[in-house]
J.: 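For reference, the structure I am asking about is given below.
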Number of protein chains: 2
Amino acid sequence: MENIDKIDLQILKQLQENSNINIKELASKLFLTVTPVYERIKRLERDGYIMKYVALLDKKKMNLGMTVFCNVRLKEHAKNVGSNFVKDIVALPEIIECYNIAGDYDFMLKILVEDMSSYQDFVMNKLSTIENIGNTQSVFVMGEIKHSTALAI
Amino acid sequence: MENIDKIDLQILKQLQENSNINIKELASKLFLTVTPVYERIKRLERDGYIMKYVALLDKKKMNLGMTVFCNVRLKEHAKNVGSNFVKDIVALPEIIECYNIAGDYDFMLKILVEDMSSYQDFVMNKLSTIENIGNTQSVFVMGEIKHSTALAI
DNA sequence: ATTTTTGCAGTAATTTGTTCGAAATAAAAT
DNA sequence: ATTTTATTTCGAACAAATTACTGCAAAAAT
């Protein structure tokens with residue numbers, strides 16, 4: 001059905017670093033003309049290798065300079081309890097990521113807020129109102145050493 | 001100096017969901033013509049609100065279906081020890097994110113690998129060779145509930 | 001060996017991005 | 001209130017990019 005070769009990998013590598021590059025320039029980097037590059041990109045989109053194209057914004061400029069990882073333990077682990085929790089989590093825009101994890105806690109949330117008082121407000125008035133949350137542990141981010149959306153391919 | 005209004009926010013909101021939308025369509029959504037939208041985007045890029053445009057790839061399709069968070073504690077906390085550690089971390093492509101955190105551990109790494117044996121290989125042959133690492137704790141991701149690059153604006 | 005398929009080059013058509021002067025709107029000053 | 005100034009938008013013209021189409025050549029399959 002589908003498979004990707006070295007040229008496809010090069011294209012993906014480029015696009016996940018900068019998706020605004022035009023096909024002509026990308027083609028010349030790969031010593032090709034626009035047609036094969038164009039067709040390969042369309043195929044990679046169709047086959048789901050490329051999921052979407054997005055703009056990455058500056059957190060601090062958008063007043064979301066504080067990152068907190070919040071570990072969450074549920075009270076019970078019944079089937080529908082978890083799915084209700086998930087529904088509530090998805091609805092909260094401050095939660096930018098949510099993982100179901102193995103270990104001491106059930107979920108790990110990545111939360112973006114403006115400052116400490118916004119975080120307090122978030123925990124007090126939003127997170128804590130979610131049913132069936134047992135206890136939570138907040139891990140505060142002091143510095144972001146590395147943050148890439150590009151996969152190592 | 002610079003400031004953004006409601007229209008700018010709408011533009012940013014759109015672009016961080018889908019940056020491949022063309023200006024004409026974006027303009028009609030905002031009941032504007034292309035010129036103001038075009039100029040606003042260019043200004044938002046110049047002023048650093050928009051950092052970059054990227055393609056997001058499918059992890060599983062790229063054989064990076066396993067996510068692990070790895071908490072790292074350093075042996076010592078001398079000034080140059082940390083910066084050497086940072087240099088080594090940045091060089092490892094499996095590490096997609098690295099945060100300096102408060103709490104029991106010093107750093108939290110987000111690692112993408114193909115499977116458990118690749119992770120073992122990563123820890124044994126790459127992570128453990130980094131100088132001054134005290135101990136580590138691996139938190140395995142069983143499921144990804146939510147994963148957005150879009151800020152809540 | 002010949003048919004079929006696949007991938008690439010080149011060109012043309014179409015769409016999109018960019019620039020510019022004029023008009024409209026908003027803000028500041030009289 | 002009225003004029004002046006600055007800012008923003010519109011619409012049209014131009015430039016550049018994407019998309020579609022045709023044909024050729026190299027692999028792959030029959």
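Numbers restart at 1 for each chain; the letters A, B, ... are given by sequence-line order, proteins then strands.
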J.: Taking the minimum atom-to-atom distance to the side chain of A:N22, which one of C:dC8, C:dG17, D:dA17 wins?
T.: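 Comparing C:dC8, C:dG17, D:dA17 against the side chain of A:N22, the answer is D:dA17.
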
J.: Nearest-Å distance, CG (A:N20) to C1' (C:dT18)?
T.: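 In whole Å, C:dT18 C1' lies 14 Å from A:N20 CG.
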
J.: Using the side-chain contact (heavy atoms from CB on, under 4.5 Å) rule, pick out the option among A:V139, A:L109, A:T136 that qualifies with A:N71.
T.: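 Among A:V139, A:L109, A:T136, the one meeting side-chain contact (heavy atoms from CB on, under 4.5 Å) with A:N71 is A:V139.
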
J.: I need the residues from residues 30-39 of chain B with at least one non-hydrogen atom less than 4.0 Å from DNA chain C; give them sorted by number, or say none.
T.: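 Residues of residues 30-39 of chain B under 4.0 Å from DNA chain C: B:T35, B:Y38.
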
J.: Roughly what angle, to 10°, lies between the helix axis at the start of the helix from C:dA1-D:dT30 to C:dT30-D:dA1 and the one at its end, five pairs per end?
T.: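 Axis angle across the helix from C:dA1-D:dT30 to C:dT30-D:dA1, nearest 10°: 40°.
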
J.: Rounding to a whole Å, what distance do you find between B:I21:CD1 and C:dT15:C1'?
T.: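 Those two atoms, CD1 and C1', are 15 Å apart.
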
J.: Phosphate oxygens OP1/OP2 of D:dA16: is one of them under 4.0 Å from a side-chain N or O of A:K24?
T.: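 Negative; the distance criterion is not met.
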
J.: D:dT19 P sits how many Å from A:R43 CZ, rounded?
T.: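 Distance check: A:R43 CZ to D:dT19 P gives 16 Å.
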
J.: Please say whether more than 12 non-hydrogen atoms of neighbouring residues, nucleotides or ligands are located less than 6.0 Å from NZ in B:K146.
T.: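 Count over threshold, so yes.
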
J.: Taking atom NZ as the centre, does B:K59 end up with more than 12 heavy-atom neighbours from other residues, nucleotides or ligands that are less than 6.0 angstrom away?
T.: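 Above 12, so yes.
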
J.: Is it true that, when you exclude A:K13 itself, more than 12 heavy atoms of the residues, nucleotides or ligands shown sit nearer than 6.0 Å to its NZ?
T.: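 Result for NZ/A:K13: open.
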
J.: Without decimals, in angstroms, what is the distance between A:E25 CD and D:dA16 P?
T.: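 Answer to the nearest Å: 14 Å.
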
J.: Could you state the NZ-C1' distance from B:K42 to C:dC20, rounded to the nearest angstrom?
T.: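 In whole Å, C:dC20 C1' and B:K42 NZ are 17 Å from each other.
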
J.: Give one of base, sugar-phosphate or nothing for B:R40, where a contact means two heavy atoms less than 4.0 Å apart.
T.: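 Sugar-phosphate contact only.
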
J.: Angle class for the A:F140/A:Y119 ring planes (parallel below 30°, perpendicular above 60°, tilted otherwise)?
T.: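 Correct class here is perpendicular.
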
J.: Would you kindly give the CD1-to-C1' distance between A:I23 and D:dA17, to the nearest whole Å?
T.: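 Taking CD1 of A:I23 and C1' of D:dA17, I get 8 Å after rounding.
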
J.: Distance check needed: D:dT18 C1' versus A:E45 CD, whole Å only.
T.: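 For the pair A:E45 CD and D:dT18 C1', the rounded distance is 12 Å.
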
J.: Hydrophobic clusters here meaning ILVMFWY residues chained together by side-chain heavy-atom distances under 4.5 Å, can you tell me if B:L56 and A:L56 are in one?
T.: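 The answer is yes; both residues are in one hydrophobic cluster.
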
J.: For A:N3 and D:dA28, what is the distance between atoms CG and P respectively, to the nearest whole Å?
T.: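 A:N3 atom CG is separated from D:dA28 atom P by 14 Å.
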
J.: Side chains of B:S118 and B:D115: donor-acceptor distance under 3.5 Å anywhere?
T.: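 Distance-only check passes for B:S118 and B:D115.
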
J.: What about B:L15 and B:L44, same hydrophobic cluster or not, with Ile/Leu/Val/Met/Phe/Trp/Tyr joined at side-chain heavy-atom distances under 4.5 Å?
T.: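 Yes; tracing contacts between hydrophobic side chains, which count when under 4.5 Å, links both residues.
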
J.: Does a salt bridge link B:E97 with A:K110, judged by any charged N lying under 4.0 Å from a carboxylate O?
T.: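 Counted as a salt bridge, because a side-chain N and a carboxylate O are separated by less than 4.0 Å.
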
